[in-house]
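Keep in mind the model is a prediction, meaning the values are calculated, not measured. Only this structure's heavy atoms are used, side chains among them; waters, hydrogens and symmetry mates stay out. Chain letters run A, B, ... following the sequence lines, proteins first, then strands; residues in each count from 1.
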Amino acid sequence: MQIFPRSLNYLPLIAALAVISGGAGVTFAIWYYGSPWNTQVGYAPVQPVPYSHKLHAGELGIDCRYCHSNIERSGEAMIPPTQTCMGCHAVIKSDSYKLEPVRQSWETNKPVEWVRIHKLPEHAYFDHSAHLAAGVGCTSCHGRIDQMEVVRQDQPLSMGWCLDCHRDPGQHLRPKDQITNMAWTPSTDAAELAARAEQVNPPQHCSGCHR
Amino acid sequence: MSKRKPYEFAKPEKSGKVFWTSLEAKADPEAFQARAAAEFPEGVVPDGLVNSESLTLKRRTFMGVAGAAGALLGLEGCVRRPKENILPFTRQPEYVVPGVALHYATVVRSAGEPLGLLVTTHEGRPTKVEGNPQHPSSLGGTDGYTQAGILDLYDPDRSKGPAKREGEALVDTTFAEADAALTGLAGKLGQGAKLRVLTAPSNSPSFLKAQKDLLAKFPQAKVYSYEPVSSANRRAGTKLALGQAADVSVNYRRAKTVVALDADFLGTEPGAPRASREFFDARRLSSPRDAMNRLYAIEPGYTVTGASADHRLRLAARDAGAYLKAVAAELAALGVLADIPAQGEGDAATPAVSFEALRGAVNGAKAPATVPAQWVKSVAKDLADPAARGRSVIVVGTRQPAEVHALAFALNAALGNLGRTITLTSALDTDVGSATDGITALAKDLSAGAVDTLVILGGNPVVDAPADLKFGELLAKAGTSIHLSEFRNTTSTKVSWHIPRAHALESWGDLRGSDGSYAIQQPMIAPLHGGRTDGELVAQLAGARFWRAHELVRGTARELLPGDGFEQQWKNALHNGVARDYQPAALGNVALATDALAAAARTLTEGKSPLSSGNLEVNFAADPALYDGRHGNNPWMLELPDPLSCVSWDNAAYISAATAKELGIENYDVITVKSPEGASVDIVTWVLPGHTDNAITLHLGWGAENVGRYGDKVGFDVFPLRSTKSFGFGDGFTVAKTGKRYMLSQTQETHSMEGRPIAIDASYEEYKEKPDFAEYRSPVLSTLPLWTEVKYEGHRWSLVIDLNACSGCNACLVGCQAENNVPSVGKEQVARGRDMYWLRLDRYFVGEDEAAPQVAFQPVGCQQCEEAPCENVCPVNATAHSPEGLNDMAYNRCIGTRYCMNNCPYKVRRFNFLNFTGQVPETTRMMYNPNVSIRMRGVMEKCSYCVQRIQESKIAAKRDARRLRDGDIRSACQQACPTGAITFGDLNDPTSRVAKLSKLDRQYKLLPEVGTQPRTSYLAKIRNLNPEMQG
């Protein structure tokens, strides 16, 4: 008398296959989650104006805060108003075809539609002014903007990446007057880094960033 | 019903006091315990009234939803996040920094009085209102009406443009066409003999000036004023007493004895935020040595003023005058009603006053039969106390007739209160008819065919005018009628032209308070749907060249502000929110019109026909949420539980238990209330302990049509019962049973703490005897901490709530809702105990006397326990402790097990059972606070001590490289509270207010025996009982 049907003979095989493929799936999911495909490192969309940070910030050496002027006051990094562009480009390269959208915006009073690159989830309340006040430089999160022709996302901006720094901020802290210095390199003196990290005490609890 | 047994606790030492949440709970405490033990109490609403099937998810639907969600989950990782644009300004406006909120001072009219505000705007969107500490009628506090006003601004059902009548229907049109029609109309008016304007009583100087200009252009036109709830009677009474119109403002801070006669001065009456602050300032105790004022409240219904009273007398509204007359007679017997000799010299001179006629008029007056003798004797004795001379006040409710106000005014004068607790200011608007005079005169004109053009500024007179005037029918007799209104309400549907009205936060204006303060109202945002102000329409009609409100207001300010340097004064007035340079016109010498007073006092007699269950008194009260119906489409206000009855999403006929028994009715029964004029209204019954027998309290403003998507026909419209004779109250009403039952949502038993009394109170005498009675009454810690105790360095946030200063006004609830994007959930969800209030207001009845219990209020939010039970049970660590002692809630980590909610002894966690924020209209989204996450379905949420404000202030301090100062951070409830009952701060800063308050002897923690070690402390309530009134 057979209690089990014959088809059940395949059960161990099916189970084995399921374990292998399931395990592979989980492995893939975790790997994918941390990969740049998910975190979108390198995302560099085409902008309406082919604005070059390499030229402006790098070669011309304009300070970041000339355009992103309220970054030390506001949580949000502001994209400069058309007015800021026109401050120079009303006289410099005033007939460049590349600047046509800017001039159009100035005349029609409609904003230039820049494409967002650095996007944090809406439940993460990142504050630029707090980080600048603590002495985190622009490059720590944005990379060498002064060398980018087209701006791309340089860091994963994931929670794990945030916490890496919040747990051990020393490497990324610099004197306040060096915040926008793209070429600044951290000291190698461990004691100095530790002393600097001592002063900032970055939050590691939920409500530090999520409200 | 949960299976677990309730914990056994060491019972608190018997205090002799009973606290109960409902009559049912008091009658059967064990059944109540069983109900309360369940996570969501069942059996609160009788069977059959809640359709329990309606929200149960069917299995197939669940599978469908779950499957779709799973599919989306799989796709999420592979699809590029949507492209998002950043749109900067083209030209950056000055001061506007994206991400940094701006604050502007303005003023709005709330319950008839101005209320100075500081409005938070985010990139041009007003998102939150706070009181302006510099404005004398706010003193930093607000009321629920104003807190909710921000939601009215973004109401999706506001009128979106002008409309004109074509046949039966209103057809949308443009402002250009409306303006042209208005100009054409004005050209045909001639002397204006057939022009009538109906407006609410106004305290706006610029509007009154525009009105004057209109009357100069059309000398035969008439302007009438009417509002369903107004203080016209009070002004008429003052005129009766003084012979001239004057504005009266009361300084409760100086008053040792306050007698509130049918006056809800802490709740719905004009000027409540300021009155609350001053009244509770005079009873703020830091030790038993501090002095405390005493409040006697005499009222028919149960209001928050009655709840704050040390002694409360249930008395029908019609007998209030007779009672006051009896007190006057007693005062005369005590020699207080003596003549006042002439005093002072020159301008400050006051003439002699002879009270002889008044003494004659009140001589031998008897109190109404239901009033216990000591209520006349002891109250009069307290008032007559020589130490209290000039330090008492008798305040009369606005619905009482002018004669009662006049008598109270005379008594206040005799008690030496004029110039001390009562300040007189020259009136801006000298139109001093009674509350119904304006609308009655208009109805007469209409029926006589004397009106060709009728301009109605705001309001909804077709619904809310006294029913016997039949205003809706008369309106058709006006040739052309124009209605300026924020909503296309019932009146709008009956007029020939409808013009949208700008919200107070969208328009220029000005308001003068009854204390003589003058403030400019400035717009926070351009009118969302066009929209005009009252003054603009009147000025347009008068043919003014510059009719824009900005010009009208500036023009008036130029006249009112003295001296040179107008621009600077104007700027200062806008910046400070109040024009300090303004001086109201001198009132001149005031003399009491003693003969008129005596005549008025003679008319005050006890009601002739004795009240019984067949001859009921009905009194009409402004609703604590909807006021007169103006917040009728505001979901926050519709859901806001009534402070006393806890009824949400409805109004009800409030009635005493004895009368209900006599009439054979109970809660949830629908009754027909019949007025002596023959009108009838069906309304649900609610038995309110402490209500006067043989009387019914009806709240105005509910149940109207054409209100909007949220408020259409919600509740019961009681305006049809209200006639010119019974405008405030009236007798001769009858009640019949209909046999129908009606589902009512109420919150009085939800979130109860298994019957454990957690509001603690004592009398002033008991407090003096044993200052730490609160500690003594609450049982000692019975459990040891589960984890190693953390030593909190840095900040240690805490909240202290002084129950002795809580009036139960609900402003904190609405303020919290506005700050934290807390959704409204709807009537059925409230009935299931799923309301989302992060801060709830518990109302306890106190005492054995079911007919006349006292009341204790207790706001309860998250206690931020140091040994938080919720944290221990969260399987995903979505709720965890911060190093500053906050019990953090990470919404995006929450998977919705609800274990935390189950384990919270305070029942302060709120779960998003449905997608409450999903269907919010686009305009309403503009109101959201961008600094707080919008929570989705399946996520737990709770009070966070306004952590966004904490972080913002900490970052600001860091940015400026300074230390946080005490008072830098204020929680939303603290800031909204008009009485200053709530204090937030850092316990580790020994100089902070919260550290000092938490060391007061009245301090106690909620349910300390559970061992949760809450951060929130309460200060026990103290009642200043008159020893003579006891026993």
Side-chain angles (χ1 to χ4, degrees), chain A residues 29 32-33 37-38 40 43 45 48 67 69-86 102 105-119 121-125 127-134 159 176 200-201 203-211, chain B residues 74 76-78 80-93 96-101 123 794 820 877-893 929-936 939 944-952 954-961:
Chain A
Y32 174 80
Y33 187 74
W37 282 310
N38 184 43
Q40 310 210 334
Y43 177 50
C67 300
S69 53
N70 285 315
I71 194 134
E72 286 163 306
R73 285 174 58 202
S74 169
E76 308 214 0
M78 60 173 275
I79 302 292
T82 315
Q83 205 171 12
T84 309
C85 308
M86 291 305 283
V102 175
S105 155
W106 185 243
E107 277 154 27
T108 58
N109 209 16
K110 296 229 170 72
V112 179
E113 297 190 0
W114 301 99
V115 182
R116 184 186 276 279
I117 300 165
H118 302 93
K119 165 116 178 91
E122 307 213 332
H123 57 274
Y125 287 84
D127 193 299
H128 274 93
S129 68
H131 287 81
L132 266 60
M159 182 163 144
K176 303 267 163 72
V200 293
N201 189 21
Q204 291 166 41
H205 56 278
C206 311
S207 64
C209 311
H210 307 296
R211 290 155 208 172
Chain B
E76 190 202 39
C78 311
R80 261 225 94 74
R81 272 171 275 176
K83 192 175 115 179
E84 192 177 302
N85 289 108
I86 303 177
L87 308 180
F89 285 103
T90 51
R91 293 158 178 84
Q92 184 93 15
V96 174
V97 177
V100 179
E123 287 95 49
N820 292 306
N877 221 11
T879 183
H881 230 63
S882 91
E884 292 165 359
L886 294 185
N887 179 238
D888 285 348
M889 183 69 222
Y891 309 119
N892 283 66
R893 202 174 254 190
N929 181 356
N931 294 327
V932 178
S933 306
I934 309 292
R935 283 81 60 186
M936 59 189 286
V939 166
S944 64
Y945 271 4
C946 284
V947 70
Q948 67 280 6
R949 292 185 173 205
I950 299 176
Q951 294 296 353
E952 206 175 316
K954 275 172 70 183
I955 290 171
K958 188 181 263 183
R959 207 158 46 209
D960 304 345

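Between the SG atom in A:Cys209 and the CD atom in B:Gln951 there is a gap of 8.0 Å [rounded to 0.5 Å]. Atom OH of A:Tyr125 sits about 6.5 Å away from atom CG of B:Asn931, to the nearest 0.5 Å. Between the NE2 atom in A:His128 and the CD1 atom in B:Ile955 there is a gap of 12.0 Å [rounded to 0.5 Å]. Atom CG of B:Asn929 is separated from atom CZ of A:Arg211 by 10.5 Å, given to the nearest 0.5 angstrom.
Side-chain N/O atoms of A:Asn109 and B:Arg91 include a donor and acceptor closer than 3.5 Å.
For A:His205 against B:Ser882, the heavy-atom pair with the smallest separation is CD2-CB, 3.4 Å. Looking at every heavy atom in both residues, B:Pro88 comes nearest to A:Val112 through CD-O, 3.4 Å. The heavy-atom pair separating B:Thr90 from A:Lys110 by the smallest distance is CG2-O, 3.3 Å. In terms of heavy atoms, B:Val100 sits closest to A:Arg73 at CG2-O, 3.7 Å.
Residues A:Glu72 and B:Arg959 are not paired through a salt bridge, judged by the lack of any N-O separation under 4.0 Å between the basic side chain and the carboxylate.
Contact count versus chain A (heavy atoms, under 4.5 Å) is highest, among B:Ala956, B:Ser944, B:Pro883, for B:Pro883. Contact count versus chain A (heavy atoms, under 4.5 Å) is highest, among B:Val932, B:Val947, B:Asn892, for B:Asn892. Most heavy-atom pairs under 4.5 Å with chain B, from the set A:Ala133, A:Ser207, A:Pro203, A:Pro111: that is A:Ser207. With chain A as partner, the option from B:Cys946, B:Ala880, B:Pro930, B:Gly794 having the largest number of non-hydrogen pairs under 4.5 angstrom is B:Pro930. Ranked by non-hydrogen atom pairs under 4.5 Å with chain B, the options A:Ala77, A:Cys85, A:Ala134, A:Ser129 are led by A:Ser129. Between chain B and the options A:Glu113, A:His210, A:Gln204, heavy-atom pairs under 4.5 Å are most frequent for A:Glu113. In terms of non-hydrogen atom pairs under 4.5 Å with chain B, the most contact-rich of A:Ser69, A:Gly208, A:Ala29, A:Pro45 is A:Gly208.
Of the options B:Asn877, B:Leu886, B:Asp888, B:Asn887, a side chain to side chain contact (heavy atoms under 4.5 Å, CB included) to A:Cys206 is made by B:Asp888 and by none of the others.
With sequence neighbours left out, A:Glu107 forms a salt bridge (Lys or Arg N to Asp or Glu O under 4.0 Å) with no residue at all. Taking the side-chain contact (heavy atoms from CB on, under 4.5 Å) definition, one finds that A:Glu76 meets it with A:Ser74, sequence neighbours left out.
Looking only at side-chain heavy atoms (C-beta outward), B:Gln92 and A:Met78 come within less than 4.5 Å of each other.
Only the backbone of A:Pro80 comes within less than 4.5 Å of a heavy atom of chain B; no side-chain atom from C-beta onward does. For A:Val200, the part lying near chain B is the backbone, with the side chain staying farther off; criterion is any non-hydrogen pair under 4.5 Å.
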Q: List the steps, then state whether side chain to side chain contact (heavy atoms under 4.5 Å, CB included) holds for A:Val115 with B:Glu84.
A: CA-CA 6 Å; A:Val115 182; B:Glu84 192 177 302; over 6 Å; no
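For B:Met936, the CE atom counts as loosely surrounded, since its 6.0 Å shell holds 12 or fewer non-hydrogen atoms of other residues, nucleotides or ligands.
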